[in-house]
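First up is the structure itself, then whatever we jot down about it.
Proteins get letters first, then strands, A, B, ... in listed order; numbering begins at 1 in each.
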Amino acid sequence: MTPPDSTPEATPAPVPSNFVRDIILDDLQTNKYSGRVHTRFPPEPNGYLHIGHAKSICLNFGLAAEFGGKTNLRFDDTNPEKEEQEYVDSIIDNVKWLGFQWEEPIHYASDYFQQLHDWAVQMIREGKAFVCDLTAEEVRKSRGTLTEGGTESPYRTRSVEENLDLFERMKNGEFPDGSRTLRAKVDMASKNLNMRDPVMYRILNAEHHRTGNKWCIYPMYDYAHGQSDSIEGITHSICTLEFEDHRPLYDWYIDQLGIYHPQQIEFDRLNLTYTMLSKRKLLQLVKDGHVRGWDDPRMPTLSGIRRRGYTPEALRNFCNAIGVSKTNGTIEIGLLEHHVREDLNKRAPRLMAVLKPLRVVIDNYPEGQTEEMDAVNNPEDASAGTRKVPFSRVLYIEQDDFREDPPKQFYRLSPGKEVRLRWGYFITCNSVVKDEKGEITEIHCTYDPATRGGNAPDGRKVKATIHWVSAAHAVDAEVRIYETLFDRENPNAAEDFLACINPKSLEVLTDCKLEPALGNVEPEFRCQFERLGYFCADKDTAPGKPVFNRTVALRDSWAKIEKRADKPGKPAK
RNA sequence: UCCCCGGUCGUCUAAUGGUAGGACAGCGGCCUUUGGAGCCGUGAAUCGGAGUUCGAAUCUCUGCCGGGGAGCCA
């Protein structure tokens with residue numbers, strides 16, 4: 001069987017125009033950074049990357065690639081209490097899988113701890129920072145409110161010498177967690193709360209995943225991020241909208257320090273219907289066992305999406321299609337699905353699998369006989385070639401493809417009706433066998449030997465073509481069918497998001513029958529099961545015992561007709 | 001209540017003072033050895049009010065609506 005496809009490099013597929021790109025274009029025009037474009041992707045390693053990060057990755061790497069620039073991968077690891085090496089590893093793996101190449105080496109905010117410290121000392125010397133003894137509670141109270149300014153800390157006027165001494169001792173671990181902070185002297189009366197003497201350093205006697213126990217004071221995001229950008233020579237520091245209010249502080253630190261000044265640009269983060277993209281809540285889903293880990297195929301994490309069977313190309317195309325703006329919007333999940341189908345339609349080989357088998361006996365087909373039927377692997381791609389599929393007297397078809405009492409417009413198999421078996425023969429149903437409970441256990445058909453391959457010499461047509469698997473040759477498999485993890489468009493708005501988990505988000509089918517070509521696949525092998533959808537071999541696959549995930553179903557116009565017929569007052573036409 | 005940012009088809013996005021366009025979704029049809037794919041067609045929008053202008057989605061004012069902001073999180 002064909003191996004799982006590799007991850008082709010992300011080609012600088014033209015990034016559609018957006019306001020960030022316009023800014024860069026303008027800066028190039030005015031030679032603001034002497035022609036340089038240098039972006040960065042700065043995740044905090046406190047969880048797995050999700051599809052929202054993919055948007056940021058595609059933006060940052062895509063823009064730099066388009067203008068011959070560079071993109072750094074930088075871990076924003078300034079909070080040792082939440083960050084772990086496992087997350088670092090997964091992030092590196094995800095970015096690579098998405099198809100992007102960062103500028104070596106990988107950077108870490110923790111690489112700059114010494115420099116950041118020295119700059120803090122410089123600010124103390126210049127009277128721009130002070131050690132504050134207020135407790136967290138006191139700081140909160142003195143900060144003021146949204147409508148009123150705050151009051152200055154009584155420690156704001158400490159001498160430079162005392163500040164220097166205290167800060168040194170903070171660094172040396174002489175004080176307990178939370179007992180003191182280093183704060184910037186900005187403006188307690190500012191309308192922008194971020195400017196009300198923000199904390200630069202806090203005391204945290206915690207082990208850091210990279211610096212170990214070397215430090216017991218750690219810089220805050222605002223004090224670390226802009227300077228990290230500056231050190232790396234970033235030109236455009238692209239982040240999400242909630243940092244808009246932080247930009248004045250970003251600019252302030254850099255101006256006070258008198259160092260190279262990148263510009264921060266904010267864009268709207270991704271929201272998806274039926275999807276939760278809060279790292280905190282995602283972590284809870286994993287920790288509390290609501291899903292089978294960070295890479296559960298129902299998760300919006302890149303690891304989960306990958307395991308589900310999505311391709312990097314599909315994800316990149318999606319990210320390009322949604323655009324970038326400053327509007328708070330929500331993308332319909334259907335657009336994401338459209339992009340996987342579009343990509344997989346071109347490249348996924350077609351095979352036959354029966355998920356809910358119904359036994360079919362071809363009464364007039366010789367017992368013990370087997371034929372090898374020729375099947376086209378991909379009608380969209382002639383180079384995919386053909387394969388042989390065994391045909392015999394007893395087959396499985398999909399339960400959904402047979403109706404004893406067919407509704408109007410159902411043109412699959414039913415008593416007295418004739419259909420085509422894909423790449424096989426025309427068959428006609430003659431009788432139905434039921435058990436004592438009235439359940440159909442098998443059906444009996446006759447086939448027309450003249451229709452071998454699927455065409456009738458007399459030119460007669462059939463309405464439907466259905467898929468099948470020869471019982472004697474079938475490979476048993478488990479197939480996992482997914483629906484959205486949440487039962488409503490906006491689970492974020494719910495009071496209790498756990499209560500919105502869709503009970504039907506995972507359905508495990510254990511009695512599936514696959515054509516023999518599917519008997520020995522590698523995890524991540526992707527294909528289409530004819531008429532059903534795109535599927536991907538799961539990592540739980542064992543030799544001879546495949547496990548498949550349904551990536552996405554095919555568009556199903558019959559399901560639409562049926563649904564419409566269900567609606568009272570709107571009968572199928 | 002104070003500050004910041006937004007508001008264009010159902011959804012996302014373009015038009016940067018000069019014909020409101022695209023994608024997805026919807027609907028109708030054609031085609032078909034996947035009720036798949038493909039093709040063709042179609043309905044659908046500038047938050048309201050004033051102003052500037054020959055001309056406004058775009059500029060100004062104002063109102064309304066939505067998002068974000070009071071971590072020693074990022």
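Nucleotides of RNA chain B nearest to A/Trp423 and A/Thr330 differ in position, and the one nearer the 5' end is that of A/Thr330. Of the two residues near RNA chain B, A/His338 and A/Asp556, the one whose nearest nucleotide lies more 5' is A/His338.
For B/G63, the O4'-C1' to base torsion is more than 90° from 0; the nucleotide is therefore anti.
Here A/Pro42 lies out of heavy-atom contact (under 4.0 Å) with every strand. Within the nucleic acid shown, A/Gly178 comes within 4.0 Å of at least one base atom, counting heavy atoms only. Contacts of A/Lys560 with the nucleic acid, taken as non-hydrogen atoms under 4.0 Å apart, involve only primed sugar atoms and P, OP1 or OP2. At a threshold of 4.0 angstrom between heavy atoms, the contacts of A/Asn194 with the nucleic acid are absent. Residue contacts for A/Phe410: at a heavy-atom cut-off of 4.0 Å it reaches a base atom on one of the strands shown. Residue-level contact check: A/Arg422 touches the bases, meaning some heavy atom is under 4.0 Å from a base atom. Note on A/Arg143: only backbone sugar-phosphate atoms sit closer than 4.0 angstrom, heavy atoms only; bases stay farther off. Among the heavy atoms of the strands lying under 4.0 Å from A/Thr135 is at least one base atom, whether or not backbone atoms are also near. Using a 4.0 Å heavy-atom cutoff across all strands shown, A/Asp245 reaches at least one base atom of the nucleic acid. Base contact: A/Thr145 has a heavy atom under 4.0 Å from a base atom. Residue-level contact check: A/Asp22 touches the bases, meaning some heavy atom is under 4.0 Å from a base atom. Among the atoms of the strands shown, base atoms are found under 4.0 Å from some heavy atom of A/Phe243. Contacts of A/Ile333 with the nucleic acid, taken as non-hydrogen atoms under 4.0 Å apart, are absent.
To the nearest angstrom, P of B/C72 lies 14 Å from NZ of A/Lys141. The NZ-C1' distance, from A/Lys326 to B/C12, rounds to 18 Å in whole Å. In this structure, A/Asn328 atom CG and B/C5 atom P are separated by 14 Å, rounded to whole Å. Atom NE2 in A/His339 sits roughly 12 Å away from atom C1' in B/G22 (whole-Å rounding). In this structure, NZ of A/Lys346 is placed 16 Å from C1' of B/G36, rounded to the nearest angstrom. For the pair A/Glu530 CD and B/U34 C1', the computed distance is 5 Å after rounding to whole Å. Whole-Å rounding puts the A/Arg347 CZ to B/A37 C1' distance at 16 Å. Taking atom CD of residue A/Glu242 and atom P of nucleotide B/A70, one finds them 11 Å apart after rounding to whole Å.
Counting all heavy atoms, side chain and backbone alike, A/Leu277 lies closest to A/Asn492 at N-OD1, 4.4 Å. Heavy-atom minimum distance, A/Tyr253 versus A/Val199: OH-O, 4.3 Å.
Contact annotation: A/Arg564 does not reach the phosphate of B/G35 (side-chain N/O to OP1 or OP2, under 4.0 Å). A/Ser17 has no side-chain polar atom (N or O) that falls below the 4.0 Å cut-off from OP1 or OP2 of B/A14. Between B/C3 and A/Ser190, no contact under 4.0 Å exists linking OP1 or OP2 to a side-chain N or O. Taking only side-chain nitrogens and oxygens, A/Thr78 comes nearer than 4.0 Å to OP1 or OP2 of B/A74. Residue A/Arg247 places none of its side-chain N or O atoms closer than 4.0 Å to OP1 or OP2 of B/G68. Phosphate contact (OP1/OP2 of B/C73, side-chain N/O of A/Arg202, threshold under 4.0 Å): present. Under 4.0 angstrom from either OP1 or OP2 of B/G35 there lies at least one side-chain N or O belonging to A/Arg531.
With P as the reference atom, B/A45 and B/A20 are 13 Å apart, rounded to whole Å. On the P atoms, B/C54 is 24 Å away from B/G48, given to the nearest whole Å.
The nucleotide whose nearest atom lies closest to any side-chain atom of A/Glu380 is, among B/A25, B/C2, B/A37, B/A37. When each of B/U34, B/U13, B/A14 is scored by its nearest atom to the side-chain atoms of A/Asn18, the top-ranked nucleotide is B/A14. Distance from the side chain of A/Gln528 is smallest to B/U34 among B/U34, B/G71, B/C72. The side chain of A/Leu193 lies closest to B/A70 when the candidates are B/G7, B/G35, B/A70. Residue A/Glu44 has its side chain nearest to B/C73 when only B/A14, B/A70, B/C73 are considered. Out of B/G36, B/A74, B/A70, the shortest distance to the side chain of A/His246 is found at B/A74. When distances run from any side-chain atom of A/Arg350 to the nucleotides B/A70, B/U34, B/A74, the shortest one goes to B/U34. Counting only heavy atoms from C-beta on, A/Thr181 has its side chain closest to B/C72 among B/C72, B/G26, B/G35. Nearest nucleotide to the A/Leu335 side chain, out of B/C72, B/A23, B/G36: B/A23. For A/Val139, taking side-chain heavy atoms from C-beta onward, the closest of the listed nucleotides B/C72, B/A70, B/G36 is B/C72.
Between A/Lys513 atom NZ and A/Trp468 atom CH2 the span is 15.0 Å, to the nearest 0.5 Å. Summarising the geometry, atom CD1 belonging to A/Ile481 is positioned 7.0 Å from atom SG belonging to A/Cys512; distances are rounded to the nearest 0.5 Å.
A donor-acceptor contact under 3.5 Å links the side chain of A/Arg412 to the base of B/G35. At a cut-off of 3.5 angstrom, the base of B/G35 holds no donor-acceptor pair with the side chain of A/Gln409.
By the 6.0 Å and 45° rule, A/Arg210 stacks over the aromatic ring of A/Tyr108. Taking the ring centre of A/Phe130 as origin, the terminal cationic atom of A/Arg158 falls outside the region bounded by 6.0 Å and 45° from the ring axis.
Between the side chains of A/Asp177 and A/Asn205, at least one donor-acceptor pair of N or O atoms lies under 3.5 Å.
The aromatic rings of A/Phe167 and A/His117 lie parallel to each other, with less than 30° between the two planes, well short of the 60° mark.
At distances below 3.5 Å, at least one donor-acceptor pair connects side-chain atoms of A/His208 with backbone N or O atoms of A/Asp77.
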